[in-house]
Amino acid sequence: MKMRRLISLILKETVGFLFLRLGGVYFLKYKLRDQPYLIVLNYHNFSEYNNYRLKRGKTLKSGYGSNFNKQIRFLNKHFQFSYPNEFFGDKTTSGIHILITFDDGYKDNYDIAFPILKQHNAKVIFFIVTNIIGTNDWLTHDKLRFLVEKKYKSENEVETCLKKMNQGHSIATWIKQNENLIAIPEQRLMMNWKEVEEIDKEGFKIAPHTHQHSILSFLDYTKQEGEIQTSIKTLESKLKKICNYFAYPNGLYNADSLNVLNKSAIQYGFTTQPGFNSKENAPLQLKRIGVNASDSIGVLLLKLYLNRKK
Ligand SMILES: [Zn+2]
């Protein structure tokens, strides 16, 4: 397993490095010269566990700030940061536009990303799970992965369990069986409202990602409506402004989700379907490319190139 990871890392890094050095960024621009594109990048957190390059680190340890700074500098140098309304609303737009998004509302987004993003005038949307902001609670996937870090469970078992959850199966029995193991530290992993408000005041966008990170496509219409509208109302009452954006937990949604968003006056919905967005894209089904703060510039560029026009 370790050997396979090492080989795949070396391969990825070598191909990425060569692609970058051989003018990959200009090649990408050439390939995308036919019309304007909006590339939405999707980050989560800076945890050394989730951004691991070779070996998973600690859930509660965040790093890669200087690498993230390099990524943002690179994007700023070669492309243009834009919000969706700037991209879709301006008839004269051309070229490649970048929007940065962060899902879930992790505290390290405030500690590490916020100062860097400010420095580079990036356009960023932070999607937060309104019920968990300011608490010491953790999202289910972080709780489960913590079991791997503690070596209580194997990575295979936990990842299989998470995959099941993402496919709509209940993992309640599994959680019940392992309840005694899931004792998370009394430590805040997510942002609090003061931090959220500070980011908002700086001009970045804060937007809902449901109230409890429920996967919408597994809920009936009324429950979806509750999850979506509670998160919108909570945010609007805290920040005293209207929300235009929404990100689907795990990227999953159905016709009911779209109907609720339409009814709630949300203009732009963000999936996790990889690809670039053109002006013809349905605004409630925007594509995003998953990236890590630990990705080298070569690997980041390679991810963009491989996900173009899907
Ligand atoms: Zn999420």
Side-chain angles (χ1 to χ4, degrees), residues 40-47 49-52 59-60 62 99-110 112-114 124-146 158-159 161-171 175 184 188-193 195-196 199 204-219 223-224 226-232 234-235 243-254 257-258 260-261 264 266 268-274 284-294:
V40 187
L41 299 184
N42 184 203
Y43 289 89
H44 281 84
N45 61 20
F46 292 80
S47 156
Y49 185 93
N50 293 336
N51 285 271
Y52 72 110
T59 303
L60 286 166
S62 297
L99 171 69
I100 311 284
T101 65
F102 276 91
D103 278 13
D104 298 341
Y106 289 93
K107 183 179 177 292
D108 60 19
N109 294 181
Y110 173 82
I112 300 176
F114 181 44
V124 193
I125 308 175
F126 294 88
F127 291 103
I128 63 169
V129 180
T130 41
N131 198 36
I132 204 169
I133 290 297
T135 71
N136 275 350
D137 201 6
W138 294 17
L139 291 169
T140 308
H141 52 251
D142 288 318
K143 285 183 190 170
L144 261 55
R145 284 174 180 157
F146 193 64
V158 164
E159 290 303 326
C161 190
L162 287 173
K163 209 183 242 170
K164 259 189 178 169
M165 184 178 91
N166 294 345
Q167 288 164 349
H169 306 289
S170 167
I171 56 164
I175 299 243
I184 53 163
R188 185 159 63 88
L189 203 57
M190 314 313 276
M191 289 192 274
N192 61 27
W193 284 108
E195 290 157 349
V196 168
I199 290 177
F204 296 118
K205 313 288 181 203
I206 306 282
H209 186 43
T210 72
H211 196 50
Q212 317 187 75
H213 210 268
S214 305
I215 296 173
L216 295 172
S217 52
F218 308 146
L219 305 180
K223 286 200 172 117
Q224 288 201 41
E227 268 292 305
I228 294 172
Q229 293 194 343
T230 311
S231 65
I232 295 175
T234 309
L235 246 182
C243 291
N244 283 323
Y245 313 105
F246 182 89
Y248 310 97
N250 294 22
L252 298 173
Y253 63 96
N254 59 20
S257 332
L258 299 176
V260 177
L261 292 186
S264 314
I266 293 285
Y268 301 101
F270 294 79
T271 71
T272 50
Q273 193 201 327
L284 284 180
Q285 292 160 284
L286 296 178
K287 296 167 195 157
R288 291 195 288 177
I289 298 173
V291 285
N292 292 322
S294 58

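Just so it is clear, the model here is predicted, and its values are computed rather than measured. Atoms within a ligand are numbered from 1 in the order they appear, just like the ligands themselves.
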Check your understanding: Which of parallel (below 30°), tilted (30 to 60°) and perpendicular (above 60°) describes Phe127 and His209?
Key -> tilted
**Study point:** Set of residues satisfying side chain to side chain donor-acceptor pair (under 3.5 Å) with respect to Ser257, sequence neighbours excluded
**Key:** Gln224, Asn254
Exercise for review: Could you please give the number of protein N/O/S atoms within less than 2.8 Å of the Zn ion (ligand 1)?
Suggested key: 3
Check your understanding: Considering the options Asp108, Asn136, Asn45, Asp104, which one meets the side-chain contact (heavy atoms from CB on, under 4.5 Å) requirement together with Met190?
Key -> Asp104
Exercise for review: Run the ring-centre check on Tyr268 versus Phe270 and record whether the distance is less than 6.0 Å.
Suggested key: no
Check your understanding: Any side-chain donor paired with an acceptor under 3.5 Å for Tyr106 and Asn50?
Key -> no
Check your understanding: Does Ile128 reach the side chain of Phe102, with side-chain heavy atoms less than 4.5 Å apart?
Key -> no
